[in-house]
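So the structure is just underneath, and the comments pick up after that.
For ligands, and for the atoms within them, numbers begin at 1 and follow the listed sequence. In this text the structure is predicted, and so the values were computed from the model without any measurement. Below, each value reflects all heavy atoms present in this structure, side chains not excepted, and no hydrogens, waters or symmetry copies.
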Amino acid sequence: MKNICVIGVGYVGLVTAACFADLGNRVVALDISEERIEKLKQGIMPIYEPGLGEMVERNVNAGRLSFTTSYKEGLKDAEFVFICVGTPEGVDGEADLRYVRMAAEEIARTMDHPMILINKSTVPVGTGDWVAEIVRQNQPKPIEFSVVSCPEFLREGSAISDFLNPDRTILGSEDPDAASRVAELHLPLRAPIMVTDLRTAEMIKYASNAFLATRISFINEIANICEALGADVKEVAQGMGYDKRIGHHFLEAGVGYGGSCFPKDVKALAYMAQVQGRHPQLLQAVMDINAYQRRHVVLKLRDILGSLEGKIVGLMGLAFKPNTDDMREAPSITIAELLLDEGAIVRGYDPVAMENAARVMPQVEMVETPYKLAEGADAIIVVTDWNEFKQLDMERIRDSMRQPVLIDGRNIYDPKRMRELGFRYRGVGRGYNGGED
Ligand code: UDX
Ligand code: UDX
C-alpha cells in the first residue's frame, strides 16, 4: 500500500484516483472546485463514465479513497502526487498551462516532506523541467522532490478498463530512483514499462495522439475519394485492416474526431513545431481534413434538400463519442452551427450528454427520445455512434418524418436496408453502397 495524492478530479484524475485505490493504495483526491468535491463526498460523480461511480463508492467505503480541497490534507502523507489538472487549448493552439502552474505552486508551498510529482496531464515537451523549476522557486525551504512524466492513454467511455489494462506504461524521468519507485506502483497493471527521459515521454503522448488522429483523417480522405470513385470505405478499411502492419483500429470514417485530446494535441504539436521553425505539413492536413468532415455532412444534406431555410433537422447523438457526456470539441457543435447559419431549425438528442449540450448549443431544441427527434423532421443526421441508435424502429422513424432523409455520419446503418425502407440515405464514403440514393 502506498500513499497517493491525485490533483484534479476530471476524467483522468478521478479514474486514476479510483483505480489506484482499487489496487489497494490509500488515495486522497484533491480538486480546487468545492462543488465537485462536495458532490463526490455525497457519491455524485462530476462526469459520466461507465463503472466509475461503483468503483469510487467501493473504495470510499473501504477507507482507501477520500476527497478534499485542501493541499495540506492531500499532501500530508503522500509519497506520490499525480498532477491531473486540465491543460486546455490556449491562444494559437498553444497549450494553456496555468492550471499546472497553480498546482505546482501550491504543492511547493505546502509540501513538508520529500515526494515524487508525477505529471499525467498532456503537456508540451519541456513542461516537466518547468514544473521542477516552479516547485524549486516556490518552496519556502528546500525539500527534495522529483518530477516524473507518466502520460495517460485512457479513452473516455472505457476509461477504467483502459487504465487497468494499458498497452504500456511510459515513465519519463532524469532520476532513476524515482522512476523505479513509480514503476513499482504500476507493476500490478502488468504492462510493459518503458523508462525514458522527461521530454521523450512527453513527446510519446503527443506523437501517439497525433498518429491516431492521422489514421482517422487518412481514412476520411479515403472515404471522400471512395465517394467519388464508387467504392465503399467500410469494406476498404476492413480489407486494409487484415494486414497486420495496418490493423483494424481507428479506421472508421465519419464526421471526424473531437474530444478533449485529439483536436488540442494535434494543434499543440503543430504549434510546438512551428515555434521551432519547422513546417508540420502532415499535421496541418490532418486538421484540415477533420474540419472538412464536419462541413461535409451539411453539404450532403444541402445536396438532397436544397435550401436548408426553415428545414427541421435532428442531430442524433451530441457527445463527441459514445459512452460519455463530454461535449468538448464535439463535431455536433460545428454541425449545429452550420445548420443554424443556413436557417435550419435544429433539434438534438443524446442518451447522456443533453444537459451539457444544452449549455453549449442553446439554440438547439433538446428532445427526450430519437423518435421525438424524427417527428415532422426533414432530415436526421447521425453524429455519434451510440449503440442504442443501431436497433431503432426505423419504420416508425420514417413514418413520423416529414421527409425520410438520413445522413449517417458514422456509418452505423446498412445502406441497402435503409434504402429498402424508403430512406434517402447517405453514409460517409459508402460509394456503391450508399453514395447515391
Ligand atoms: C485531462 C488531462 O489533464 C489533459 O491534459 C488531457 O489532455 C485531457 O484529459 P481532464 O481530466 O479531462 O484532462 O480535465 P478536466 O475534466 O478538465 O478536469 C480537470 C480537473 O482539475 C477539474 O476538476 C478542475 O477543477 C481541477 N483543477 C483545475 C484543480 O484541481 N486545480 C487547478 O488548479 C485546476
Ligand atoms: C483519445 C486517445 O484514444 C487516448 O489514448 C487519449 O488518452 C485521449 O484521447 P478519447 O478522446 O477519449 O481518447 O477517445 P477516442 O476513442 O480516441 O476517440 C476520439 C475521437 O475520434 C472521437 O470523436 C471518435 O469519434 C473519433 N474516432 C475514433 C473516429 O472518428 N474514427 C475512429 O476510427 C476512431
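- Between N165 and S161, the side chains place no donor N or O within less than 3.5 Å of an acceptor N or O (distance only, hydrogens not considered).
- Geometrically, R430 does not engage Y413 in a cation-pi contact defined by less than 6.0 Å to the ring centre and at most 45° from the axis.
- Any N or O atom pair closer than 3.5 Å counts here, and L30 shares no such pair with ligand 1.
- Taking a cut-off of under 4.0 Å to the non-hydrogen atoms of R36, the atoms of ligand 1 that pass are 22 (C), 23 (O).
- Rounding to the nearest 0.5 Å gives a distance of 8.0 Å between CG of L117 and OG of S146.
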Distances only, to 0.1 Å: what are the N or O pairs between ligand 2 and the protein that fall under 3.5 Å?
residue, atom, partner, partner atom, Å
ligand 2, 5 (O), F153, O, 2.6
ligand 2, 7 (O), E152, O, 3.3
ligand 2, 7 (O), F153, O, 3.4
ligand 2, 7 (O), L154, O, 2.9
ligand 2, 7 (O), K205, NZ, 3.1
ligand 2, 12 (O), E156, N, 2.7
ligand 2, 14 (O), K321, NZ, 3.1
ligand 2, 16 (O), K321, NZ, 2.9
ligand 2, 23 (O), G258, N, 3.0
ligand 2, 23 (O), F320, O, 2.9
ligand 2, 25 (O), R410, NH1, 3.1
ligand 2, 25 (O), R410, NH2, 3.4
ligand 2, 30 (O), R410, NH1, 3.4
ligand 2, 31 (N), E252, O, 3.0
ligand 2, 33 (O), L251, N, 3.3
ligand 2, 33 (O), E252, N, 2.8

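- Only one option out of V6, V27, N25, I116 pairs with F80 in a side-chain contact (heavy atoms from CB on, under 4.5 Å); it is I116.
- Near G8, meaning under 4.0 Å from any of its heavy atoms, are these atoms of ligand 1: 20 (C), 21 (O), 26 (C), 30 (O).
- Using the six-membered ring where Trp is involved, Y48 and W386 have ring planes that are tilted, between 30° and 60° apart.
- For ligand 1, one of its N or O atoms has an N or O atom of I32 under 3.5 Å away.
- Judged purely by distance below 3.5 Å, without hydrogens or angles, the side chains of Y206 and E202 never pair a donor atom with an acceptor atom.
- Ligand 1 places these atoms under 4.0 Å from at least one heavy atom of M102: 33 (O).
- For N3 and D77, the side-chain atoms include no donor-acceptor pair closer than 3.5 Å.
- Residue contact check: V9 has heavy atoms under 4.0 Å from atoms 20 (C), 23 (O) of ligand 1.
- Annotation for ligand 1: atoms under 4.0 Å from non-hydrogen atoms of Y99 are 33 (O), 34 (C).
- Ion pairing between D265 and K205 fails under the 4.0 Å rule for side-chain N and carboxylate O.
- Close approach of ligand 1 to G10 is summarised as follows: ligand atoms under 4.0 Å from at least one heavy atom of the residue are 11 (O), 15 (P), 16 (O), 18 (O), 20 (C), 23 (O).
- Taking any N or O of S33, backbone or side chain, none lies under 3.5 Å from an N or O belonging to ligand 1.
- A donor-acceptor contact shorter than 3.5 Å links the side chain of R347 to the backbone of L373.
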Tabulate below the donor-acceptor pairs under 3.5 Å that side-chain atoms of residues 287-301 make, not counting sequence neighbours, or state none.
residue, atom, partner, partner atom, Å
D288, OD1, Q284, NE2, 3.3
N290, OD1, Y257, N, 2.7
N290, ND2, Y257, O, 3.0
Q293, OE1, N224, ND2, 2.9
Q293, NE2, G254, O, 3.0
R294, NH1, T334, OG1, 2.9
R294, NH2, Y257, O, 3.0
R294, NH2, E329, O, 3.1
H296, ND1, N224, OD1, 3.2
K300, NZ, E227, OE2, 2.7
K300, NZ, G427, O, 2.8

